[in-house]
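Structure record follows, encoded as structure tokens.
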Number of protein chains: 2
Amino acid sequence: MTVVYTQTDSGVREPVTASEPLTASERAYRQLRVEILDGDLPPGTGLLEVEQAARIGVSRTPLRAAVARLISDGLVAGRSGRGFVVTEISIERIRELYELRQALEEQAARLAALRRDPAVFRALREQFVSAPELLLQGEDGIHRYYDLIDDLERAIDTAGANPYLVGALDAVRTHLSRIRRLARGNQARLRAAATEHLLIIDAIIAGDANLAAHATHVHLHQSLTSVLAAIDEETANRAD
Amino acid sequence: MTVVYTQTDSGVREPVTASEPLTASERAYRQLRVEILDGDLPPGTGLLEVEQAARIGVSRTPLRAAVARLISDGLVAGRSGRGFVVTEISIERIRELYELRQALEEQAARLAALRRDPAVFRALREQFVSAPELLLQGEDGIHRYYDLIDDLERAIDTAGANPYLVGALDAVRTHLSRIRRLARGNQARLRAAATEHLLIIDAIIAGDANLAAHATHVHLHQSLTSVLAAIDEETANRAD
DNA sequence: CGAGCATCCTTTGTATACAGAGGGCTCAAT
DNA sequence: ATTGAGCCCTCTGTATACAAAGGATGCTCG
């Protein structure tokens with residue numbers, strides 16, 4: 001199970017650890033993945049092997065390997081004799097995704113509360129207390145806020161110490177990142193989220209597994225509500 | 001070329017409608033998968049592309065595709081310059097797997113209770129009531145009992161109506177089937193399990209999501225306890 | 001006798017050639 | 001004009017040839 005953390009925001013955040021001698025299939029996989037996640041290849045886009053191989057600059061063999069991985073990621077679907085398609089994401093799919101996410105994140109929070117190193121989460125707490133200030137610092141602050149959330153998620157994953165769970169969560173987060181673009185930058189929501197995150201952190205520090213799980217449940221409920229509202233609004237605006 | 005990528009196909013229960021003209025990569029995938037799941041290729045077994053391609057009777061290209069799928073299934077792991085290995089399953093891994101399973105099956109039971117068609121589960125209830133009799137009918141009865149459990153799982157999946165959740169559960173069940181061989185055929189445990197399953201079914205029929213989730217939690221706790229005990233015993237016997 | 005280095009060999013990664021299947025297009029008939 | 005059938009063409013699935021990387025082994029030097 002190859003995990004690739006290419007955070008797809010236009011940020012230039014890779015420490016650039018030399019130019020990696022990536023294999024062709026790896027390059028093809030990453031490029032297609034980023035393009036799908038960023039929406040450059042919108043859902044429903046039909047793709048052909050030869051065409052994409054030529055565009056990316058690899059032969060069909062590594063491209064097919066890349067596509068196979070994307071299929072198992074659920075980002076594209078195979079078509080019988082006509083190439084492959086970028087999978088659609090409907091509102092119904094988002095609801096379903098959140099139902100899975102609920103189950104996974106609650107369990108992750110539970111396990112983290114049981115196994116955490118308190119020091120790690122106390123440090124995170126510090127940062128989340130001052131998170132609202134970040135939101136006043138424009139685009140860059142918001143970007144750093146999202147990074148902070150990533151740090152929290154990773155800390156919870158690490159504390160939970162369950163590779164299977166982390167793997168399932170990574171898959172969910174992959175799909176979520178296709179949605180997050182929609183609901184990005186809602187100040188009010190982000191401030192509320194910071195409060196919710198603080199409660200989760202406190203529960204984990206206290207070793208209160210049930211509270212951690214319930215706080216996570218509440219947080220995700222609010223998150224889903226916000227996402228659905230943002231999509232509704234978007235759709236309404238588009239109808240104007 | 002009609003190639004259907006049955007991504008999370010549990011494979012076992014195909015009515016075997018003659019040998020369809022499967023693609024070479026599909027054949028290779030299924031064969032390797034079955035061999036790993038059945039333990040013919042025990043954990044730790046090192047495999048080479050050429051060697052396996054020759055054995056199965058396909059060329060390296062489709063074999064590589066098959067291995068790629070097995071890797072994303074988590075059944076094998078890639079080695080840098082030395083082929084690939086069937087992944088190990090330690091006791092610790094089993095515990096972790098059950099932690100994930102808990103989260104997923106509880107959510108599935110919850111959703112099933114909310115969305116089920118009562119008639120389906122009333123029919124299943126009938127069968128589970130008479131399940132203990134099956135256990136008296138020897139190996140064949142036990143086999144039919146396991147089929148019954150499969151039916152229940154599928155009914156819950158269908159009622160839950162969440163493809164993402166089902167996909168995650170299929171992945172977990174794939175790994176579980178490697179373990180189940182160990183704890184197979186413990187009569188006392190199977191009788192107890194039938195009772196637990198009945199409670200889950202009743203909760204789903206009643207539309208009681210919380211009870212369904214808790215009953216599932218209890219059931220999985222007992223299941224894990226039983227599996228770990230069986231392994232302990234096995235290890236002890238082997239030490240003799 | 002041990003350690004380091006170079007070389008060989010094994011095994012993967014990639015490209016390309018070929019075959020078959022499926023869909024689309026054209027042409028004709030009603 | 002519309003619909004059906006047949007043909008062609010495109011695109012996938014597979015095999016194989018080639019290249020490069022990594023490890024193991026043996027040789028040499030200290």
Side-chain angles (χ1 to χ4, degrees), chain A residues 1-4 17-33 36 41 44-87, chain B residues 1-7 9 11 17-33 35-36 41 44-87:
Chain A
M1 197 169 299
T2 343
V3 182
V4 183
T17 45
S19 58
E20 323 87 26
L22 289 176
T23 63
S25 67
E26 185 69 24
R27 267 188 297 133
Y29 173 70
R30 294 197 188 181
Q31 178 169 342
L32 285 172
R33 191 176 197 274
I36 292 172
L41 297 175
T45 308
L47 300 171
L48 267 46
E49 285 186 5
V50 275
E51 162 190 306
Q52 295 303 310
R55 187 174 66 86
I56 297 178
V58 300
S59 82
R60 281 181 56 218
T61 308
L63 185 103
R64 284 174 68 83
V67 170
R69 286 173 68 185
L70 291 171
I71 288 178
S72 81
D73 287 348
L75 291 178
V76 310
R79 277 196 301 198
S80 51
R82 211 65 182 161
F84 47 97
V85 206
V86 179
T87 51
Chain B
M1 247 175 233
T2 319
V3 179
V4 182
Y5 275 91
T6 48
Q7 192 50 40
D9 184 5
T17 43
S19 55
E20 296 133 26
L22 289 177
T23 63
S25 67
E26 185 69 24
R27 265 188 299 132
Y29 172 70
R30 295 197 188 181
Q31 178 169 343
L32 285 173
R33 191 176 198 276
E35 287 172 348
I36 292 172
L41 298 176
T45 308
L47 301 171
L48 267 44
E49 285 186 6
V50 277
E51 161 190 306
Q52 295 305 309
R55 186 174 67 87
I56 297 178
V58 300
S59 83
R60 278 181 58 216
T61 308
L63 185 102
R64 284 173 68 83
V67 171
R69 287 173 69 184
L70 292 171
I71 288 178
S72 80
D73 287 349
L75 291 177
V76 309
R79 278 194 302 196
S80 54
R82 209 65 180 167
F84 47 98
V85 206
V86 180
T87 50

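Lettering follows sequence order; numbering is per chain, from 1.
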Are any of A:T61's side-chain N or O atoms less than 4.0 Å away from OP1 or OP2 of C:dT14? no
Just the rounded figure in Å: distance from P of C:dC9 to CG of B:L48. 18 Å
Rounded to the nearest 0.5 Å, what separates atom CD1 in B:I71 from atom CZ in A:R69? 9.0 Å
Electrostatic pair A:R30:A:E26 at N-O distance under 4.0 angstrom: yes
Round to a whole Å and report the spacing from CZ of A:R82 to P of C:dG22. 13 Å
Of the candidate nucleotides D:dC11, C:dC18, D:dC18, which contains the atom at the shortest distance from the side chain of A:R60? C:dC18
What is the separation between atom CZ on A:R27 and atom P on C:dA15, rounded to the nearest whole Å? 8 Å
Measure the CG-CD distance between B:L47 and B:Q52 for me, rounded to the nearest 0.5 Å. 4.5 Å
Return yes if the base of D:dT14 and the side-chain atoms of B:T23 contain a donor-acceptor N/O pair under 3.5 Å, otherwise no. no
Close side-chain approach of B:L63 and B:L32, heavy atoms under 4.5 Å: yes
In whole angstroms, how far is the C1' atom of D:dG13 from the OH atom of B:Y29? 18 Å
Enter the distance from B:T61:OG1 to B:E49:CD here, rounded to the nearest 0.5 Å. 9.0 Å
Run the salt-bridge test on B:E51 and B:R60 with the 4.0 Å N-O cut-off and return the result as yes or no. no
Phosphate OP1/OP2 of D:dT14 contacted by B:S25 side-chain N/O (<4.0 Å): yes
How long is the span from the CZ atom in B:R33 to the CG atom in B:L70, to the nearest 0.5 Å? 8.0 Å
Nearest-nucleotide comparison on DNA chain C, the residue closer to the 5′ end among A:G57 and B:V50: B:V50
Whole-Å gap separating C1' (C:dT10) and CD (B:E51): 13 Å
Calculate the interatomic distance between A:L47 atom CG and D:dT12 atom P; express it in whole Å. 10 Å
Net bend of the helix from C:dC1-D:dG30 to C:dT30-D:dA1, end axes of five pairs each, nearest 10 degrees: 10°
A:R64 side-chain N/O to D:dT12 phosphate OP1/OP2 under 4.0 Å: no
A:L63 CG to D:dT14 P, in whole Å, measures 16 Å
Can you measure A:L22 atom CG to C:dG13 atom P for me and round it to whole angstrom units? 13 Å
